[in-house]
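Read through the structure below, which is laid out as structure tokens, and then see the notes.
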Protein chains: 2
Amino acid sequence: MSRPTIHAPERGDARTRLLDAARDLIRERGYAGTSIDDLCRSAGVSKGAFFHHFAHKLALGVAAAWHWAETTTAFFAAAPYHAPADPLDRVLAYIAFRRSIIAGPIPGFVCLVGTLASEVYVTGPAIRDAAALSIFGHAATLEADIAAAMAERSIASPEPASLARYFQVALQGGFILAKAGNEAALAREALDHLDRYIRLLFNLPLETRHAATH
Amino acid sequence: MSRPTIHAPERGDARTRLLDAARDLIRERGYAGTSIDDLCRSAGVSKGAFFHHFAHKLALGVAAAWHWAETTTAFFAAAPYHAPADPLDRVLAYIAFRRSIIAGPIPGFVCLVGTLASEVYVTGPAIRDAAALSIFGHAATLEADIAAAMAERSIASPEPASLARYFQVALQGGFILAKAGNEAALAREALDHLDRYIRLLFNLPLETRHAATH
DNA sequence: CGAAATACATACCAACCGGTTTGTATCCTG
DNA sequence: CAGGATACAAACCGGTTGGTATGTATTTCG
């Protein structure tokens, strides 16, 4: 209450509105391709509001990466793939879940921090580090299930941490091909290969469920 | 001869010097993060030269993607991984070769057109299409060997074209993680998993050769 | 309640951006 | 060797960029 006084904007305070705008615009046009004016226009705030919350554009980039890490962490923590009792089933359910959310316009499901890391490797080390924290932090959430699944079946071969990172490789690489080919199915296809890789590693029968979806 | 008259530049004509500069600068800072002045300075040419050879910045982006496709096509055509008689050995040799050239500074081995496609998805459809041609064209060069290897061993499961694209997924995804983590070994690690995936698909014994390199 | 801190909005600025104009040296061709 | 085409160089231009200065409602708090 008392929050939206007179010229109530749309929702949330200027800071989160700017971070949401950054998430959307950067995934479409990249970091350098998104101007501060673009962000303010999209968020419906003034430039003064921008520089009240962020010291400079780079700080917005870092904050956007952190914001991405926070929101995705909450999103995946609440996702249904944690339900199965068998850790291997949870791992496979993760892949299926990631696959299921690849739909609609490409910028809508692509990874913000992957785009950021790719673009600002030299120009913005601070953004890159924040992006790395998000990517590798998320990969780490898979590690326990992978390790448990491997231990249960006495599979020693790839290190669980390395395999967990490879999940992100398949995702990020799938996003790149989806963008290039302008076709979301290319990202799903990548996850199908990841799924097959895991099933081969664990000597599971290969499902053919996805064959028709391509 | 008579070419480098008085103020001889460095090497090549202005056009290829600009394309080389674009290859280097865009892989470091992205397309939008690279200004035309940056390109001219790096190439050692004037702005007049730039707009003599390219109608606008977007045309430079498209030409850079084409130039990348041409040079990489020649580079991989001359690479040693085509030597083995068995197509499956050629496929594995491709992975090993790609792995072997991942060394030194990260912008030096990363894929230009992957960076481009990721960044200009919305802002530059022409660049994106040129990047797609390069990525999927290169993937297609693997298709014959993959198909032959699968046919020889009566493996029907993934479509050869899809598997060929997945090679690019592992590469592009590995580049993203390498950039984020600022560590080339992350890209090599991705190719180790791809190698394992192929060996599992073809029921080959898993080598442990790479274990020490991480 | 009063004052300081917070959260914006508006106007403005110098640098830089993509792009144009104009001029000139070299090359190619007849 | 004439003369147009090619391949640059340099100066310039309007709009945009990241960033600042300043002003003002609102909230917080002693």
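Below, chains carry the letters A, B, ... as their sequence lines are ordered, and counting in each starts from 1.
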Legend entry - A49(B) side chain, from C-beta outward: closest of dA9(C), dC8(D), dG19(C):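 The nucleotide sitting nearest to the side chain is dC8(D).
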
Inset, instruction - Flag the pair Q172(B) / Q172(A) as yes when at least one side-chain heavy-atom distance between them is below 4.5 Å, and no otherwise. - result: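 Not touching, per the 4.5 Å side-chain cut-off.
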
Inset, instruction - Could you say whether R15(B) or K47(A) is positioned toward the 5' end of DNA chain D, judged by the nucleotide with the nearest heavy atom to each? - result: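 Nearer the 5' end of the strand: R15(B).
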
Legend entry - Which residue lies more 5' along DNA chain D, comparing F51(A) with D37(A) via nearest heavy atoms: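 Comparing both residues, the 5'-ward one is D37(A).
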
Inset, instruction - May I ask you to establish whether K57(B) and F50(B) are in a cation-pi arrangement, using a distance under 6.0 Å from NZ or CZ to the six-membered ring centre and at most 45° from the ring axis? - result: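 No, K57(B) does not lie over the aromatic ring of F50(B).
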
Inset, instruction - For Y197(B) and R196(A), test the side chains for any donor-to-acceptor distance below 3.5 angstrom and give the result as yes or no. - result: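 Result is yes, a qualifying pair exists.
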
Legend entry - Y94(A) versus R98(A), side-chain donor and acceptor atoms under 3.5 Å: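 R98(A) vs Y94(A): donor-acceptor pair found between side chains.
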
Legend entry - Residue-phosphate contact under 4.0 Å: S46(A) side-chain N/O, dC8(C) OP1/OP2: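 Checking S46(A) against dC8(C): no side-chain N or O falls below 4.0 Å of OP1 or OP2.
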
Nearest-angstrom distance from the residue atom [atom1] of [X] to [atom2] of [N]:
| X | N | atom1 | atom2 | result |
| --- | --- | --- | --- | --- |
| D38(B) | dG19(C) | CG | C1' | 16 Å |
| F50(B) | dA7(D) | CZ | P | 16 Å |
| L39(B) | dG19(C) | CG | P | 12 Å |

Inset, instruction - Say whether, by atom type as modelled, one donor and one acceptor occur between the side chain of R128(A) and the main chain of L116(A) under 3.5 angstrom. - result: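 Pair absent, no side-chain N/O of R128(A) close to backbone of L116(A).
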
Legend entry - Strand-adjacent residues in residues 52-61 of chain B, judged by heavy atoms under 4.0 Å from DNA chain D: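 Contacts with DNA chain D under 4.0 Å: H52(B), H53(B).
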
Legend entry - CD (E159(A)) with more than 12 external heavy atoms under 6.0 Å: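 At most 12 heavy atoms, drawn from other residues, nucleotides or ligands, come within 6.0 Å of this atom.
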
